[in-house]
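Naming convention: chains lettered A, B, ... in sequence-line order (proteins, then strands); numbering from 1 in each chain. The analysis underlying the following values was restricted to heavy atoms, covering all of them including side chains, and did not include hydrogens, waters or symmetry mates. Quick caveat: nothing in here was measured; it's all calculated off a predicted structure.
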Amino acid sequence: MFMKKKLSTILKDTLDLCFREGYLKQTPIPEFVIEVPHNPDHGHFATNLAMTLAAEQKNSPRKIAEIIIQHLMDHDHFILKAEIGGAGFINFFVAREQWHSLLTQVAELGDDYGRNSLGKGEKIMVEFVSANPTGPLHLGHGRGAALGDTLCRILSFCGYDARREFYINDAGLQIKLLGKSIYSRWRQFSDPSYPFPEDGYRGDYIEELALEIAQKQDLENLSVDEAIDLLSELGKDKMLKELKEDLADFRVNFDLWYKETDLYSSGKIDQTIKLIKKRGLLFEEGGALWIKTTPFGDDKDRVLRKKDGEFTYFASDISYHLDKWERGFKKVINIWGADHHGYVNRVQAALMAEGIPQGWLEVLLIQLVKLWEGGTEVKMSKRSGRYVALKELVDDVGVDAVRFVLLSKDHNSPLDFDIDLVKRKDSENPVYYVQYAHARICSIFRKTAEANMNLPEDPGPCLEKLVLDEEIALIRKMSEFPSLIEEIASTSEPHRLTYYLIELAGSFHRYYNKHRVISNDRALSQARLCLSLGVKTLIKNGLNLLGLSAPEIM
RNA sequence: GCGCCUGUAGCUCAGCCGGAUAGAGCAGCGGACUUCUAAUCCGCAGGCCGCAGGUUCGAAUCCUGCCAGGCGCACCA
């Protein structure tokens with residue numbers, strides 16, 4: 001299935017033979033790569049094997065390459081031609097029939113092409129977004145949502161039992177602040193001079209919440225404290241409901257919404273403290289309770305319970321992660337904003353203190369999204385109420401466009417999101433370029449009926465009509481998909497899939513403009529239909545993994 | 001001061017576990033619709049890969065130092 005793997009096997013067999021027969025000195029086999037050359041003259045695949053052998057062999061790379069080529073162990077006639085290039089690259093041209101049979105595989109596997117069992121059914125959790133239920137989601141959350149969701153889609157495709165989880169910080173002071181903010185707005189309806197909390201949430205949604213809740217609740221007869229408590233609770237519930245809806249509209253559905261308050265009510269926090277104590281890592285100082293994390297790579301010890309008796313977020317976070325561990329996840333990925341990076345080390349240190357292996361928790365930090373509108377930067381801040389809500393943007397330009405832009409950059413890179421560009425000039429968004437290729441192919445298939453044409457029952461025989469370089473190049477591109485998916489799953493870099501799809505779509509668009517799929521030559525038409533179907537399958541698979549639609553008409 | 005991330009075309013970004021001539025989109029200029037969808041295609045132009053050293057057959061990629069930008073270094077959330 002993997003062309004590169006096949007080639008790699010041939011090369012290893014060849015080296016074994018050369019060592020055995022004495023064509024080459026018996027030396028360790030170095031790490032070598034098989035790559036797809038940019039230049040078509042350099043074949044379908046190229047390897048630096050001879051160059052990496054040169055030092056040990058004490059021979060020139062080109063000479064070694066020549067020996068390898070002379071003794072290639074290629075019983076299946078996989079390789080049509082092998083040449084020496086540059087400083088000692090070996091360039092391989094794969095026999096045409098091999099490409100044809102790969103295309104047959106794509107047709108047979110369909111939506112399952114590229115699926116693998118890398119994960120062996122292991123439970124893996126991705127925790128992401130986890131925004132406080134005190135305000136609407138903004139674009140930064142959207143970036144995390146798109147990344148986490150796509151990662152889960154890809155992990156599932158790779159045989160993992162991947163779960164999406166949202167951790168709700170519903171226990172702390174910020175919920176209280178939400179209640180206070182709503183309360184002030186409510187009071188301000190009748191008394192505009194009523195003071196607003198200094199750090200309160202200032203967005204318009206607070207007034208809406210106040211209005212909405214006041215209609216159903218009799219706030220007048222409650223004390224201030226009672227009213228604030230009630231508003232905290234109801235405000236939180238409404239915000240949470242909104243978060244769920246907005247995320248569902250963004251095609252992100254969580255398997256579990258985990259409440260921080262549950263950690264308290266179930267006694268998990270107390271258990272965690274006891275556990276830390278049992279390990280001798282608990283100590284008291286200045287009236288506060290501390291955990292000793294410095295032996296595990298943290299740069300200072302941390303407070304678990306403040307001297308005012310309240311637990312810190314750190315305490316509940318440790319407890320939460322221990323719970324993840326107890327639930328049997330083999331690996332956990334957290335997606336956090338880059339502004340939390342100082343937190344990574346201490347959580348990992350705390351987990352190591354509990355004997356959880358290093359690397360079990362992987363934290364992906366997403367760099368901030370900078371928003372541009374009208375040529376100037378829009379500063380986002382929930383507290384000040386100045387932000388552009390994810391929902392607003394999705395309603396304007398659609399899920400596909402927003403997700404694609406957010407997914408097309410490495411999460412380590414800051415992202416500039418130009419609203420004008422994505423809003424007004426739809427067609428400039430590369431997502432349409434990819435989707436258009438899909439729609440175009442669908443259009444071709446709609447035409448087959450009136451041309452009295454159909455896909456062959458057995459594509460085998462007609463495929464030999466596929467002889468053009470562009471056709472082979474398209475199939476080669478398809479052959480890269482399975483290994484790309486594996487790499488994305490192990491590196492958590494889904495942005496590479498967006499680039500792959502742009503390239504694949506581009507190759508097809510160019511081919512389409514140059515050659516006709518449906519022609520008078522029936523066998524040729526059928527062969528090209530098979531090719532088109534393969535491209536369509538891959539684009540659809542790829543878009544699906546990114547959580548994007550694959551429209552049949554555009 | 002310490003730590004993490006980033007620096008590649010006018011702009012936004014790929015490429016970064018070392019490989020052959022550094023790519024794409026947008027913006028600019030010039031072309032292609034009587035033929036399967038022009039949301040497409042073709043061509044032109046555009047580059048001290050932040051700077052300086054080092055490692056080696058070979059560096060945008062690895063190492064060190066510097067410069068610039070972002071973000072962190074709480075008994076805040």
Shorter than 3.5 Å, N or O on both sides, protein versus nucleotides 60-63 of chain B: list them out with atom names.
none

Just checking, Lys81(A) and Phe92(A): is the charged tip under 6.0 Å from the six-membered ring centre and within 45° of the axis? no
Please confirm whether the ring centroid of Tyr320(A) lies under 6.0 Å from the ring centroid of Tyr258(A). yes
Please state how far atom CD in Glu503(A) lies from atom P in G15(B), giving the value in whole angstrom units. 11 Å
Looking across every strand, which nucleic acid part, if any, lies under 4.0 Å from Ala46(A) by heavy atom: base, sugar-phosphate, or nothing? base
By the 4.0 Å heavy-atom rule, please label Glu285(A) as base, sugar-phosphate, or nothing. base
Scan His515(A) against the nucleic acid and name what it touches under 4.0 Å (heavy atoms): base, sugar-phosphate only, or nothing. base
Tell me whether the side-chain N/O atoms of Lys300(A) come closer than 4.0 Å to OP1 or OP2 in C75(B). yes
Can you check the distance between A59(B) and G53(B), where both ends of the measurement are the P atom (answer in whole Å)? 14 Å
For Arg446(A), answer base if it contacts any base atom (sugar-phosphate contacts may also be present), sugar-phosphate if it contacts only those atoms, and nothing otherwise; contact means non-hydrogen atoms under 4.0 Å. base
I'd like to check, for Tyr499(A), whether its ring lies over the base of A14(B) with centroids under 5.5 Å apart and a plane angle smaller than 30°. no
How is Ala55(A) classified with respect to the nucleic acid when contacts are heavy atoms under 4.0 Å: base, sugar-phosphate, or nothing? nothing
Under 4.0 angstrom, heavy atoms only, what part of the nucleic acid is Ser443(A) near: base, sugar-phosphate, or nothing? base
May I ask you to decide whether Arg496(A) forms a salt bridge with Glu487(A), counting only side-chain N to carboxylate O separations under 4.0 Å? yes
Under 4.0 Å between any heavy atoms, over every strand shown, what does Leu173(A) touch: base, sugar-phosphate, or nothing? Just pick one. sugar-phosphate
What is the nucleic acid contact for Lys307(A), judged by heavy atoms within less than 4.0 Å: base, sugar-phosphate only, or nothing? base
Pairing pattern in dot-bracket form [Watson-Crick, G-U; both distances under 3.5 Å; | = partner strand] for RNA chain B: (((((((..((((.....[...)))).(((((.......))))).....(((((..]....))))))))))))....
For Ala288(A), answer base if it contacts any base atom (sugar-phosphate contacts may also be present), sugar-phosphate if it contacts only those atoms, and nothing otherwise; contact means non-hydrogen atoms under 4.0 Å. base
May I ask you to list the residues of residues 487-497 of chain A, by number, that have any heavy atom positioned under 4.0 Å from an atom of RNA chain B? His495(A)
For Asp299(A), which contact category applies under a 4.0 Å heavy-atom criterion: base, sugar-phosphate, or nothing? nothing
Between atom CG in Asn91(A) and atom P in U21(B), what is the gap in whole Å? 13 Å
Do side-chain atoms of Arg305(A) reach the backbone of Ile273(A) as a donor and acceptor pair under 3.5 angstrom? no
Rounded C1' spacing from U21(B) to G47(B) in Å: 14 Å
Within the structure shown, what part of the strands sits under 4.0 Å from Asn48(A) by heavy-atom distance: base, sugar-phosphate, or nothing? base
Winner on side-chain proximity to Arg440(A), out of U40(B), C75(B), U12(B), is U40(B)
With respect to the phosphate group of C76(B), does any side-chain polar atom (N or O) of Lys306(A) fall under 4.0 Å of OP1 or OP2? yes
CZ of Phe32(A) versus P of C17(B): gap in Å, rounded? 18 Å
Remember a base hit wins even if backbone is also touched, and classify Asp339(A) as base, sugar-phosphate or nothing at under 4.0 Å, heavy atoms. sugar-phosphate
Are Lys58(A) and Glu56(A) close enough for a salt bridge, meaning some N to O gap below 4.0 Å? no
Between His42(A) and A20(B), do the rings stack, that is, sit under 5.5 Å apart with planes less than 30° off each other? yes
Could you check which of C36(B), A24(B), U6(B) has an atom nearest any side-chain atom of Lys447(A)? C36(B)
